[in-house]
Amino acid sequence: MPKFISQKAKPFIEGLAVGCVFISITMLFEIPLYMSFIIGALAALGGYRNSIKMDKEKAAKNAQNGPRDSE
């Protein structure tokens with residue numbers, strides 16, 4: 001992600017992107033528009049939660065590997 005996007009906005013943007021992709025995919029199958037929006041909203045929520053989870057795991061991994069002491 002570009003540096004000008006803050007860490008707090010990153011999960012929202014990723015969730016929104018996932019939701020938009022799912023809405024466009026479901027619209028290809030010609031299902032009703034309200035169902036596409038429901039599926040997109042649920043996908044956006046999942047993308048948001050997944051982004052937060054991945055950031056926490058990345059931070060934990062970086063903390064675990066931390067700075068190494070040279071002998």
Side-chain angles (χ1 to χ4, degrees):
M1 290 229 134
K3 294 199 184 262
F4 61 87
I5 297 175
S6 70
Q7 287 298 100
K8 289 186 178 186
K10 182 182 170 200
F12 291 112
I13 293 171
E14 289 182 4
L16 184 62
V18 170
C20 290
V21 167
F22 269 80
I23 288 173
S24 61
I25 289 172
T26 55
M27 290 182 75
L28 289 174
F29 294 108
E30 297 180 2
I31 64 172
L33 185 62
Y34 73 92
M35 289 178 71
S36 293
F37 286 145
I38 291 170
I39 292 169
L42 292 173
L45 181 62
Y48 171 77
R49 290 175 52 127
N50 188 44
S51 178
I52 291 173
K53 184 179 88 170
M54 295 298 281
D55 287 344
K56 285 181 182 178
E57 288 176 1
K58 185 177 179 182
K61 185 177 179 183
N62 286 341
Q64 182 183 13
N65 292 338
R68 297 182 181 207
D69 297 328
S70 58
E71 294 179 23

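Predicted model only: the values in this text are computed from it and were never measured. Residue numbers start at 1 and run along the sequence shown.
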### Summary
Residues Pro11 and Ser51: closest non-hydrogen pair is CA-OG, 3.5 Å

### Message
With side chain to side chain contact (heavy atoms under 4.5 Å, CB included) as the test, pick out the partner of Lys53 among Arg49, Glu57, Lys56.
### Response
Glu57

### Message
Test side-chain contact (heavy atoms from CB on, under 4.5 Å) on Val18 and Asn50; report intermediate values, then the result.
### Response
CA-CA 11 Å; Val18 170; Asn50 188 44; over 6 Å; no

### Pairwise distance CD1(Ile23) to CG(Leu28) - rounded to 0.5 angstrom
12.5 Å

### Message
Is there a path of hydrophobic side-chain contacts, each under 4.5 Å between heavy atoms, that joins Met35 and Phe22?
### Response
yes

### Summary
dist Tyr34:OH -> Ile39:CD1 (nearest 0.5 Å) comes out at 10.0 Å

### Query
If you round to the nearest 0.5 Å, how far is CD1 of Ile52 from CZ of Phe12?
7.0 Å

### Task
Work out which heavy atom in Ile31 is nearest to a heavy atom in Thr26; give both atom names and the distance.
CG1-O, 3.5 Å

